[in-house]
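Written below as structure tokens is the structure these notes are about.
All chains are named by letter (A, B, ...) in the order of the sequence lines, taking the proteins before the strands, and each is independently numbered beginning at 1. Quick note: numbers below take in every heavy atom, side chains included, and nothing from hydrogens, waters or symmetry partners.
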Number of protein chains: 2
Amino acid sequence: MNTLEEVNDFVHNGHQEYLPHVSIDPVIFGYHQQKLKILLLRWKGLDGWGLPGGFIKRRELLSQAAYRILHEKTSLSDLFLQQFHVFGDSPYRVQERNASEYKEKFGLEVEPNNWLLERTLSIGYFALVDYSKVSVTTDFFTEDYHWFDVSDIPPILFDQNETVEKALLTLRLQIYHQPIGYNLLPEKFTIPEIHTLYETILGKELDQRNFSKKLIALGLIKKLDERRSIGAHRSPYLYQFEKEQYEHALQEGIVHTY
Amino acid sequence: MNTLEEVNDFVHNGHQEYLPHVSIDPVIFGYHQQKLKILLLRWKGLDGWGLPGGFIKRRELLSQAAYRILHEKTSLSDLFLQQFHVFGDSPYRVQERNASEYKEKFGLEVEPNNWLLERTLSIGYFALVDYSKVSVTTDFFTEDYHWFDVSDIPPILFDQNETVEKALLTLRLQIYHQPIGYNLLPEKFTIPEIHTLYETILGKELDQRNFSKKLIALGLIKKLDERRSIGAHRSPYLYQFEKEQYEHALQEGIVHTY
DNA sequence: ATTTTATTCTGTAAAATTTACGCATTGTAA
DNA sequence: TTACAATGCGTAAATTTTACAGAATAAAAT
């Protein structure tokens with residue numbers, strides 16, 4: 001959606017192709033240089049950052065829509081993607097928007113009852129992606145992108161800071177019950193790498209010795225016979241995830257006790 | 001919504017008051033005679049059971065809508081209510097419905113592009129209620145209700161058995177990380193009562209001694225100086241929840257380890 | 001009044017898990 | 001060859017979970 005013609009078609013006829021009143025808004029987490037980042041797009045005209053969202057096609061399954069939107073924006077197809085909450089409590093978003101905004105900001109003429117002006121619920125997804133494999137696609141409404149450190153998120157358009165906060169909270173809670181890392185790390189990784197990843201996500205220190213013991217005891221990772229050369233220091237062994245165990249733990253959860 | 005006039009207004013003009021394309025569908029759990037039950041409504045014309053759902057008003061916050069719908073159907077206002085998933089992957093529900101169905105089943109004339117025929121996503125909520133306090137209200141579309149044992153759920157209309165399954169799964173998972181019982185038990189209860197509740201929800205036995213030790217150690221319940229008379233046996237002490245601790249655990253979760 | 005029956009209530013030892021912690025090993029650069 | 005910085009491994013202490021049995025009690029039956 002880049003030519004003016006396509007945009008006009010989307011604005012005026014989009015409701016025939018897409019389901020109005022509901023959007024999908026993914027919080028895309030990437031991991032780079034020991035920092036947890038999220039991807040935001042720079043909106044034209046609105047002078048601010050927004051989530052890389054999209055709409056559901058009328059005949060498309062919800063989960064397919066989420067994967068499609070992520071693929072469109074990042075070109076990724078192998079990723080962890082999970083719905084986590086529907087947002088519909090923002091007083092700002094309960095209001096319908098007005099047409100003059102579109103004229104001012106984007107130079108688009110919009111009829112007063114246009115589908116894009118109506119109230120929209122937002123389905124929050126979070127995705128875990130390999131930062132280095134993402135290539136971001138922008139469109140008519142967005143002109144740039146940036147990976148923000150989660151400790152330094154700017155105000156987000158459409159009252160969606162809450163979405164990011166809840167995504168992060170969900171991720172942190174979930175990591176206690178599900179393995180994480182398969183989609184954030186390269187296929188082969190070292191103990192220090194996955195250790196730092198967990199520390200970064202949880203925002204606290206974990207004893208490295210106990211941490212690796214636990215992952216191995218759970219059968220989630222296995223040691224390879226290769227090592228990575230990291231310059232002036234002892235070469236760490238490479239590990240990789242035990243795919244079956246990992247998938248099993250994703251499904252069943254790592255339940256602790258009662 | 002009981003007179004034919006009201007129903008016709010809802011069918012033909014409902015889209016002005018309500019947001020199309022999204023419904024709220026609550027799975028209402030009650031606890032009675034040591035059984036976990038859910039509430040289903042009997043639909044007229046369709047000859048089947050359905051969840052007690054409803055629509056969101058255009059200017060209403062999502063959470064308000066959920067509470068309103070629950071209040072309308074059960075007359076309860078004090079309950080535990082939580083969103084748990086949006087369902088939009090049912091191939092059956094991706095199809096638009098046709099108008100003739102309304103004519104056949106309910107004797108209602110519906111225009112072919114009526115809002116009720118369009119594809120609708122379903123936001124799943126689950127509620128925990130005090131069974132004895134519920135008084136069910138039916139409407140034009142529903143003629144009866146029944147509390148079904150969770151181990152004996154009938155086929156549910158609109159392809160929503162998955163909703164009940166996921167609600168139960170969520171409840172069972174969540175009980176490991178959050179206290180449950182405040183809205184399912186009377187204010188004062190005995191150890192055997194809450195013990196049986198947990199066994200019922202989890203569907204497995206829990207050692208009674210260790211179970212009560214744990215709840216007390218977590219500071220979630222406190223012993224009262226009263227006892228309940230249960231006829232021919234030793235009178236059990238009454239307990240009640242420690243409200244602050246309980247709320248705190250609800251917020252923070254009972255995190256186990258890493 | 002005594003016995004019987006069904007249910008509540010309490011404590012402790014063993015096992016498992018988590019936490020804490022120190023030092024030897026290793027790959028390069030100096 | 002040495003120094004440095006980071007990896008890698010093992011063990012003891014503390015905590016938590018699990019397993020398990022018998023005394024107490026309320027009322028009904030004798």
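- Within the 4.0 Å cut-off from OP1 or OP2 of D:dT7, not a single side-chain nitrogen or oxygen of A:Arg228 is found.
- Atom CZ of A:Phe211 and atom P of C:dT17 are 18 Å apart (whole Å).
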Please report, to 0.1 Å, the donor-acceptor pairs under 3.5 Å made by any side chain of residues 162-170 of chain B, with sequence neighbours excluded.
unit_1   : atom_1 : unit_2   : atom_2 : d
B:Thr170 : OG1    : B:Lys166 : O      : 2.6

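- Considering only side-chain N and O atoms, B:Ser212 lies nowhere under 4.0 angstrom from the phosphate OP1 or OP2 of C:dC9.
- Taking atom NZ on A:Lys214 and atom P on C:dT17, their separation rounds to 9 Å, with Å as the unit.
- Rounding to whole angstrom units, CG of residue A:Asp225 and C1' of D:dG8 are separated by 15 Å.
- Between A:Asn210 and B:Asn210, the residue anchored nearer the 5' end of DNA chain C, judged by the nucleotide with its closest heavy atom, is B:Asn210.
- Around atom OH of A:Tyr246, more than 12 heavy atoms belonging to other residues, nucleotides or ligands sit under 6.0 Å away.
- Distance alone, capped at 3.5 Å, places no donor-acceptor pair between the B:Arg93 side chain and the B:Gly88 backbone.
- A heavy-atom distance below 4.0 Å to DNA chain D is reached by these residues of residues 234-242 of chain A, ordered by number: A:Arg234, A:Pro236, A:Tyr237.
- In this structure, A:Ile216 atom CD1 and D:dG8 atom P are separated by 10 Å, rounded to whole Å.
- Protein atom CG of A:Leu206 is 16 Å distant from nucleotide atom P of C:dC21, rounded to whole Å.
- Put simply, A:Lys223 has a side-chain N or O that comes within less than 4.0 Å of OP1 or OP2 on D:dC9.
- Between B:Lys213 and C:dT10, a side-chain N or O to OP1/OP2 separation shorter than 4.0 Å is absent.
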Contacts table for residues 121-129 of chain B: side-chain donor-acceptor under 3.5 angstrom, sequence neighbours left out:
unit_1   : atom_1 : unit_2   : atom_2 : d
B:Ser122 : OG     : B:Asp25  : OD2    : 2.7
B:Ser122 : OG     : B:Gln160 : NE2    : 3.3

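- Applying the side-chain hydrogen bond (donor to acceptor under 3.5 Å, both in side chains) rule to pairs touching residues 28-43 of chain A yields A:Arg42-A:Asp47, sequence neighbours excluded.
- To the nearest angstrom, C1' of D:dT7 lies 16 Å from CZ of A:Phe189.
- Distance from the side chain of A:His233 is smallest to D:dA5 among D:dA5, C:dC21, D:dA26.
- As a whole-Å value, the separation of B:Glu205 CD from D:dT18 P is 15 Å.
- Tested against B:Leu79 for a side chain to side chain contact (heavy atoms under 4.5 Å, CB included), the candidates B:Ile28, B:Asp130, B:Leu70 yield a single pass: B:Leu70.
- With sequence neighbours left out, B:Ser63 forms a side chain to side chain donor-acceptor pair (under 3.5 Å) with A:Asp89.
- Separation of atoms CD1 (B:Ile175) and CG (B:Leu202) is listed at 4.5 Å; rounding is to 0.5 Å.
- When all heavy atoms are compared, the tightest approach of A:Pro52 to A:Ile69 is O-CG2, 3.7 Å.
- For the helix from C:dA1-D:dT30 to C:dA30-D:dT1, the rotation axes defined at the first and last 5 base pairs enclose an angle of 10°, given to the nearest 10°.
- In this structure, the separation between CD on B:Gln178 and CG on B:Leu220 is 11.0 Å, given to the nearest 0.5 Å.
- Here the C1' atom of nucleotide D:dG8 and the CD atom of A:Glu193 are 16 Å apart, to the nearest Å.
- Between A:Gln208 and B:Asp207, the residue whose closest nucleotide on DNA chain D is further toward the 5' end is A:Gln208.
- The nearest heavy atom of DNA chain C to B:Ile230 and to A:Ile230 marks one nucleotide each, and the one closer to the 5' end goes with B:Ile230.
- Here D:dA21 is the nucleotide among D:dA21, C:dG22, D:dT7 with the atom lying nearest to any side-chain atom of B:Arg209.
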